[in-house]
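What you see below is based on every heavy atom in this structure, not just the backbone, and it leaves out hydrogens, waters and symmetry mates.
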Amino acid sequence: MNKPRVIQNYEKLSKEIQEQIKLIYPAGYIDYLIEFTNAKGELVSALPFETDEKIYMVRMSVRKAQELVDNDSDFDEDGVLLSSKREKYEDKYSEVDYLFEDDDD
């Protein structure tokens with residue numbers, strides 16, 4: 001099955017998807033940004049995030065990725081997701097299979 005690919009800005013994602021992204025990238029986003037050429041032939045920087053239904057390419061620059069973490073109270077001063085927030089989101093999304101799948105399959 002081919003999942004639809006969605007290119008979207010972080011701010012336009014639902015709160016739930018934003019929280020799930022934090023679980024997948026608890027140490028921040030910068031090291032996981034990829035570059036690709038969009039349909040207009042422009043080079044775009046984005047953070048990949050895959051759900052059961054879609055593949056999101058969350059558009060952000062390195063600077064934007066740093067700002068998102070710096071300005072988010074869910075992250076500590078070192079840019080790491082606070083353990084209390086991590087536990088809260090793990091409990092909240094415990095039924096969401098794609099967040100906790102083993103890579104060993």
Side-chain angles (χ1 to χ4, degrees):
M1 176 178 117
N2 285 333
K3 296 180 189 179
R5 295 177 184 268
V6 177
I7 301 172
Q8 196 160 19
N9 291 331
Y10 185 84
E11 295 81 9
K12 293 190 177 187
L13 296 170
S14 69
K15 182 179 183 208
E16 290 78 18
I17 294 293
Q18 289 179 4
E19 291 172 350
Q20 292 173 17
I21 287 173
K22 292 175 190 180
L23 279 175
I24 298 297
Y25 301 107
Y29 312 134
I30 291 175
D31 293 336
Y32 302 97
L33 294 176
I34 62 168
E35 290 184 335
F36 64 96
T37 304
N38 67 11
K40 296 179 183 177
E42 302 164 328
L43 189 61
V44 177
S45 177
L47 182 72
F49 179 70
E50 188 171 346
T51 68
D52 287 337
E53 296 83 30
K54 296 178 184 174
I55 298 172
Y56 289 92
M57 298 305 284
V58 185
R59 191 179 4 222
M60 66 177 74
S61 64
V62 169
R63 189 172 112 210
K64 179 66 174 178
Q66 188 64 51
E67 286 174 6
L68 285 169
V69 171
D70 287 348
N71 297 327
D72 190 331
S73 61
D74 286 355
F75 291 91
D76 66 16
E77 63 276 354
D78 296 322
V80 177
L81 186 62
L82 296 167
S83 59
S84 61
K85 294 296 183 175
R86 183 181 195 135
E87 290 170 11
K88 175 185 171 186
Y89 295 149
E90 285 175 346
D91 288 344
K92 184 175 181 178
Y93 300 109
S94 63
E95 300 297 317
V96 181
D97 291 337
Y98 59 82
L99 291 174
F100 304 104
E101 289 177 345
D102 257 345
D103 290 335
D104 299 325
D105 292 340

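When all heavy atoms of Phe75 and Leu82 are compared, the pair lying nearest together is C-CG, 4.2 Å. Across every non-hydrogen atom of Tyr56 and Gln8, the tightest pair is CE2-OE1, 4.0 Å. Contact record, Ile17 with Thr51: CD1-CG2, 4.1 Å, taken as the closest heavy-atom pair. In terms of heavy-atom proximity, Met60 sits nearest to Ala65 at SD-CB, 3.6 Å. The nearest pair of heavy atoms linking Ser45 to Ser61 is OG-CA, 4.2 Å. Here the closest heavy-atom approach between residue Lys3 and residue Glu53 is recorded as CB-O, 3.9 Å.
With rounding to the nearest 0.5 Å, the separation of OH in Tyr25 from CG in Leu33 is 9.0 Å. Here the CG atom belonging to Leu47 is positioned 8.0 Å from the CE atom belonging to Met57, to the nearest 0.5 angstrom. Between atom CZ of residue Phe49 and atom OH of residue Tyr29 there is a gap of 10.0 Å, rounded to the nearest 0.5 Å. Atom CG of residue Asp70 and atom OG of residue Ser73 lie 12.5 Å apart, to the nearest 0.5 angstrom.
In terms of hydrophobic clustering, with Ile, Leu, Val, Met, Phe, Trp and Tyr side chains grouped at heavy-atom distances under 4.5 Å, Leu99 and Val58 are assigned to a common cluster. Residue Ile34 is grouped with residue Val44 when hydrophobic side chains (ILVMFWY) are merged at heavy-atom distances under 4.5 angstrom, including chains of intermediate members. Note on Leu68: it does not cluster hydrophobically with Val80, by side-chain heavy-atom contacts below 4.5 Å among ILVMFWY residues. Residue Ile21 is grouped with residue Phe100 when hydrophobic side chains (ILVMFWY) are merged at heavy-atom distances under 4.5 angstrom, including chains of intermediate members.
Side-chain polar atoms of Tyr98 and Gln20 form a donor-acceptor pair below 3.5 angstrom. Judged by distance alone, the side chains of Glu42 and Asn38 do bring a donor and an acceptor atom under 3.5 Å apart.
Val96 places none of its side-chain heavy atoms less than 4.5 Å from the side chain of Leu23. Between Arg59 and Lys12 the shortest side-chain heavy-atom distance does not fall below 4.5 Å. Here the side chains of Lys22 and Asp72 are in contact, with some heavy-atom distance below 4.5 Å. Between Phe36 and Ile7, some side-chain heavy-atom pair lies under the 4.5 Å cut-off.
By the 30° and 60° cut-offs, the orientation of the rings of Tyr93 relative to Tyr89 is tilted.
Within the 3.5 Å criterion, the main-chain N or O of Asp78 finds a donor-acceptor partner in the side chain of Asp76.
Other residues, nucleotides and ligands contribute at most 12 non-hydrogen atoms within 6.0 Å of the OH atom of Tyr32. Counting non-hydrogen atoms of other residues, nucleotides and ligands closer than 6.0 Å to NZ of Lys92 gives a total above 12.
With respect to Asp74, the side chain to side chain contact (heavy atoms under 4.5 Å, CB included) criterion is satisfied by exactly one of Arg86, Gln18, Glu19, Lys85: Lys85.
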